[in-house]
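The structure displayed is predicted, hence computed values, not measured ones. Residue numbers run from 1 in the order of the sequence given.
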Amino acid sequence: FFTEMWERFSYYGMRALLVLYMTNHFLWSQQNASTVYKWYTSLVYLTPILGGFLADRYLGNKWAVVIGAVSMAIGHFAMAFEQIEIFYAALVFLIIGNGFFKPNMTTQVGRLYAIGDPRRDGAYTIFYMGINLGAFLSPIVCGALMATPGFGFSWGFGAAGVGMVLSLVIYLVGLPLVKEL
């Protein structure tokens with residue numbers, strides 16, 4: 001629950017600021033910012049196919065989640081820097097990280113219980129509650145930091161990075177307690 005909640009906090013927190021950042025900081029037109037946003041979002045939804053394949057064939061789910069979480073944390077913290085080259089690199093880290101994290105985290109929840117075990121549905125319900133809570137809180141927190149005088153976009157993106165680090169720490173601390181089938 002908490003691993004997924006903080007990961008979604010980081011994702012939706014950054015995403016809430018992304019187009020505003022491109023139009024206000026880089027002074028891009030709405031059309032150009034929307035084009036980058038569309039490509040980013042499309043690749044975020046496409047890369048889990050590759051991340052799932054690599055995890056199934058070579059890495060395993062647990063290593064893929066760790067690689068994804070570290071990559072996303074790097075991407076979120078890189079967004080706090082204002083150079084355009086770092087911005088593009090940050091988006092690449094976020095896309096790759098999401099590709100490794102998302103499919104493999106969900107798979108691990110499914111492996112906690114056998115098919116047909118009535119607790120499995122409850123586990124996914126709790127998992128999705130974490131997603132919804134993180135998605136609800138993140139635009140409020142990251143947006144408030146961005147809008148607070150003296151803070152700005154760097155603080156909003158930094159909060160997303162902190163969320164991703166919390167996600168990774170919770171995952172690593174809890175990993176020895178997880179008994180998969």
Asks: Any donor-acceptor pair under 3.5 Å linking the side chain of Asp117 with the backbone of Tyr113?
Replies: no
Asks: Do the non-hydrogen side-chain atoms of Val165 and Phe77 ever get within less than 4.5 Å of each other?
Replies: yes
Asks: Measure the shortest side-chain to side-chain distance between Lys102 and Met72 over non-hydrogen atoms and say whether it is less than 4.5 angstrom.
Replies: no
Asks: Side chains of Tyr37 and Arg15: donor-acceptor distance under 3.5 Å anywhere?
Replies: yes
Asks: Does any N or O in the side chain of His25 come within less than 3.5 Å of the main-chain N or O of Glu82, such that one atom is a donor and the other an acceptor?
Replies: yes
Asks: When you measure from the side chain of Asn104 to the backbone of Ala64, do you find a donor-acceptor pair of N or O atoms at a distance under 3.5 Å?
Replies: no
Asks: Mind checking whether Met22 and Asn32 have side chains closer than 4.5 Å, heavy atoms only?
Replies: no
Asks: With a sphere of 6.0 Å drawn around CZ of Phe1, does it hold more than 12 non-hydrogen atoms of other residues, nucleotides or ligands?
Replies: yes
Asks: Do Phe101 and Thr3 come close enough that some side-chain heavy atom pair is under 4.5 Å?
Replies: yes
Asks: Under 3.5 Å, is there a donor-acceptor pair between the Tyr171 and Gln108 side chains?
Replies: yes
Asks: Check for a donor-acceptor pair, side chain of Thr106 on one end and backbone N or O of Pro103 on the other, with a separation under 3.5 Å.
Replies: no
Asks: Is there a side-chain contact between Phe157 and Met14 (heavy atoms, below 4.5 Å)?
Replies: yes
Asks: Could you check if a side-chain atom of Phe9 sits within less than 4.5 angstrom of a side-chain atom of Leu133, using non-hydrogen atoms only?
Replies: no
Asks: Evaluate whether atom CH2 of Trp28 has more than 12 neighbouring non-hydrogen atoms of other residues, nucleotides or ligands under 6.0 angstrom away.
Replies: yes
Asks: Heavy-atom distance under 4.5 Å between the side chains of Asp56 and Phe53, does that happen here?
Replies: no
Asks: Is there a side-chain contact between Arg120 and Ile115 in this structure, where contact means two heavy atoms from C-beta onward sitting under 4.5 Å apart?
Replies: yes
Asks: Please check if the side chain of Thr47 supplies one atom and the backbone of Ile95 the other of a donor-acceptor pair under 3.5 Å.
Replies: yes
Asks: Is the backbone of Trp6 close enough, under 3.5 Å, to the side chain of Ser167 for a donor and an acceptor to pair up by distance?
Replies: no
Asks: Would you say Phe26 has more than 12 foreign heavy atoms packed within less than 6.0 Å of its CZ?
Replies: yes
Asks: So does Val19 get a backbone contact from the side chain of Thr23, meaning a donor-acceptor N/O pair under 3.5 Å?
Replies: yes
Asks: Does Arg8 qualify as a cation-pi partner of Tyr11, given the criterion of NZ or CZ under 6.0 Å from the six-membered ring centre and within 45 degrees of its axis?
Replies: yes
Asks: Using a 6.0 Å cut-off, check whether atom OH of Tyr21 has over 12 heavy atoms from anything other than its own residue.
Replies: yes
